[in-house]
2 protein chains.
Amino acid sequence: MTDAARALDAIGTPARRRILELVAPHERSVRELTDELDMTQSAVSQHLKVLRDAGLVAVRAEGTRRLYRVDLDQLAQVRAWVDGFWDDVLAAFAQHVTDTSPGADTGTNTEEHR
Amino acid sequence: MTDAARALDAIGTPARRRILELVAPHERSVRELTDELDMTQSAVSQHLKVLRDAGLVAVRAEGTRRLYRVDLDQLAQVRAWVDGFWDDVLAAFAQHVTDTSPGADTGTNTEEHR
DNA sequence: GCTAATCATTAGCCATGACTGATGCAGCAC
DNA sequence: GTGCTGCATCAGTCATGGCTAATGATTAGC
């Protein structure tokens with residue numbers, strides 16, 4: 001499985017997306033996350049493990065606490081994956097236009113949705 | 001569940017991502033997808049239903065065939081979701097820089113990963 | 001040393017969902 | 001009409017994964 005695939009699997013569940021949303025603004029401890037996430041500490045740790053394996057979050061030890069933060073590198077892979085479709089679909093659309101109306105509308109704006 | 005959440009759940013499984021990848025360049029029939037995807041036609045149809053409900057693909061009937069294509073609107077929601085983290089994390093990073101090195105480095109490039 | 005707090009990991013339970021096979025339905029050819 | 005093709009949907013099975021409870025490891029404070 002590629003990095004992007006692992007990352008996409010990881011964010012494919014609401015609980016983990018919620019964790020990412022909590023961690024994005026600033027790093028948080030497992031305890032803080034548990035308090036805010038109607039779940040056991042065990043469940044939170046298990047989700048964090050998946051996110052760690054996917055490279056989406058990074059950890060930092062401070063005393064007995066572990067502070068989690070978002071790691072931008074893997075998030076970049078997710079962006080790249082989504083952008084891949086974007087480009088493919090827009091390219092196909094542009095092709096369709098040139099096929100159906102030959103010689104017209106060469107100024108197709110492939111960034112219209114961006 | 002929001003549109004973005006539904007879309008992210010839908011792409012959270014390898015089989016459906018593979019379908020999206022096949023459909024992205026140009027529309028395809030269910031038969032074509034089944035031939036290429038070591039799966040039953042039934043399984044393909046079920047995945048397509050999930051993608052349809054998530055708004056990620058659109059259908060077009062042509063005779064007895066159903067031609068599927070990617071729908072850009074929901075894909076835009078996915079992009080927006082990812083970009084949300086991006087902005088949060090970069091903002092937090094910028095805040096950290098100004099906190100730890102006051103009066104220095106005001107030219108922080110928040111687009112370095114983009 | 002002991003105790004408390006924080007977190008990871010394990011074992012086990014249960015719900016969800018991914019899949020197959022069967023059936024039903026619509027459109028086309030004859 | 002009959003038959004065939006392409007697809008959706010239903011019913012049922014099985015594996016996956018998300019969850020809790022319990023336990024273990026580590027660190028801090030006493």
Side-chain angles (χ1 to χ4, degrees), chain A residues 1-23 26-71 74, chain B residues 1-23 26-71 74:
Chain A
M1 184 158 56
T2 71
D3 286 353
R6 207 187 317 276
L8 287 162
D9 283 345
I11 64 178
T13 198
R16 284 196 286 269
R17 285 198 298 273
R18 184 89 187 90
I19 290 180
L20 271 186
E21 286 167 354
L22 288 173
V23 161
H26 59 85
E27 57 183 6
R28 294 189 187 265
S29 69
V30 179
R31 182 73 160 83
E32 287 174 333
L33 294 173
T34 304
D35 288 345
E36 218 149 336
L37 286 173
D38 195 30
M39 252 189 297
T40 328
Q41 173 262 318
S42 176
V44 174
S45 276
Q46 291 176 54
H47 283 306
L48 286 171
K49 176 175 174 51
V50 176
L51 291 171
R52 249 187 294 126
D53 291 345
L56 283 168
V57 297
V59 212
R60 178 170 76 85
E62 192 180 84
T64 80
R65 301 188 309 160
R66 304 294 175 102
L67 300 177
Y68 281 84
R69 64 180 180 279
V70 173
D71 188 335
Q74 284 304 314
Chain B
M1 186 156 56
T2 70
D3 286 353
R6 207 185 318 274
L8 287 161
D9 283 345
I11 64 178
T13 197
R16 284 195 286 269
R17 284 198 298 273
R18 184 88 186 90
I19 290 179
L20 272 186
E21 286 167 354
L22 288 174
V23 162
H26 59 85
E27 58 184 7
R28 295 188 186 266
S29 69
V30 179
R31 182 74 159 81
E32 288 172 334
L33 294 173
T34 304
D35 288 344
E36 217 148 338
L37 285 173
D38 194 30
M39 251 190 297
T40 336
Q41 173 262 318
S42 176
V44 174
S45 276
Q46 290 177 52
H47 282 307
L48 286 171
K49 177 175 172 53
V50 176
L51 291 171
R52 251 187 293 126
D53 290 346
L56 283 167
V57 297
V59 211
R60 178 170 77 87
E62 191 181 85
T64 80
R65 302 187 308 158
R66 304 294 175 100
L67 301 176
Y68 281 83
R69 64 181 181 280
V70 173
D71 188 335
Q74 284 304 314

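This is a predicted model, so every value here is computed, not measured.
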Colleague: Please report, rounded to the nearest Å, how far the P atom of C/dC7 is from the CG atom of A/Leu37.
Modeller: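 These atoms are roughly 13 Å apart.
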Colleague: Considering only NZ, NE, NH1 and NH2 on the basic side and carboxylate oxygens on the acidic side, decide whether A/Asp9 and B/Arg17 come within less than 4.0 Å.
Modeller: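 Result for this pair is yes, salt bridge flagged.
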Colleague: Taking the side chain as everything from C-beta on, heavy atoms only, tell me whether B/Leu33 gets closer than 4.5 Å to B/Leu48.
Modeller: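 Yes. Closest side-chain heavy atoms under 4.5 Å.
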Colleague: Has the side chain of A/Arg18 got a donor or acceptor atom that lies under 3.5 Å from a matching backbone atom of A/Leu37?
Modeller: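 Judged by distance alone, no pair lies under 3.5 Å.
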Colleague: Supply the atom-to-atom distance A/Arg16 CZ to A/Gln46 CD, rounded to the nearest 0.5 angstrom.
Modeller: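 Output value for this atom pair is 10.0 Å.
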Colleague: Using 0.5 Å steps for rounding, measure from the CG atom of A/Leu56 to the CZ atom of A/Arg69.
Modeller: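 It is 13.5 Å, given to the nearest 0.5 Å.
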Colleague: Between atom CD in A/Glu27 and atom P in C/dC7, what is the gap in whole Å?
Modeller: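 Those two atoms, CD and P, are 12 Å apart.
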Colleague: What is the separation between atom CG on A/Leu33 and atom P on C/dA5, rounded to the nearest whole Å?
Modeller: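 Whole-Å distance recorded here is 19 Å.
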Colleague: Taking the nucleotide of DNA chain D with the nearest heavy atom to each, does A/Val44 or A/Gly63 sit closer to the 5' end?
Modeller: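 Its nearest nucleotide being more 5', the pick is A/Val44.
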Colleague: Keeping the roles fixed (side chain from A/Thr40, backbone from A/Ala43), state whether a donor-acceptor pair exists under 3.5 Å.
Modeller: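 Not confirmed, A/Thr40 side chain does not pair with A/Ala43 backbone.
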Colleague: Could you check which of D/dT9, C/dA8, D/dG18 has an atom nearest any side-chain atom of A/Arg52?
Modeller: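 Closest nucleotide to the A/Arg52 side chain: C/dA8.
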Colleague: How close or far is atom P of D/dG17 from atom NZ of A/Lys49, stated in whole angstroms?
Modeller: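 These atoms are roughly 14 Å apart.
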Colleague: Does A/His47 have a side-chain nitrogen or oxygen under 4.0 Å from the phosphate oxygens OP1 or OP2 of D/dC19?
Modeller: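 Indeed, a polar side-chain atom of A/His47 lies that close.
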Colleague: Specify the separation, in whole Å, of atom CG of A/Leu48 and atom C1' of C/dT6.
Modeller: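 Spelled out: CG on A/Leu48 to C1' on C/dT6 is 13 Å.
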Colleague: What distance do A/Ile19 atom CD1 and A/Thr13 atom OG1 have between them, rounded to the nearest 0.5 Å?
Modeller: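 Here the interatomic distance stands at 9.5 Å.
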Colleague: B/Asp53 CG to C/dA18 C1': how many Å, rounded?
Modeller: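 Atom CG in B/Asp53 sits about 16 Å away from atom C1' in C/dA18.
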Colleague: Quick one: B/Asp9 CG to D/dG17 P, roughly how many Å, whole number?
Modeller: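 For the pair B/Asp9 CG and D/dG17 P, the rounded distance is 14 Å.
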Colleague: Between A/Arg60 (CZ) and C/dC7 (C1'), how many Å, whole number?
Modeller: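 Those two atoms, CZ and C1', are 16 Å apart.
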Colleague: Using a cutoff of under 3.5 Å, can you pull out all pairs of nitrogen or oxygen atoms linking the protein to nucleotides 2-7 of chain D, with atom names and distances?
Modeller:
from	atom 1	to	atom 2	distance (Å)
D/dG6	OP2	B/Arg31	NE	3.4
D/dG6	O4'	B/Thr64	OG1	3.0
D/dC7	OP1	B/Val30	N	3.1
D/dC7	OP1	B/Arg66	N	3.2
D/dC7	OP2	B/Arg31	N	2.5

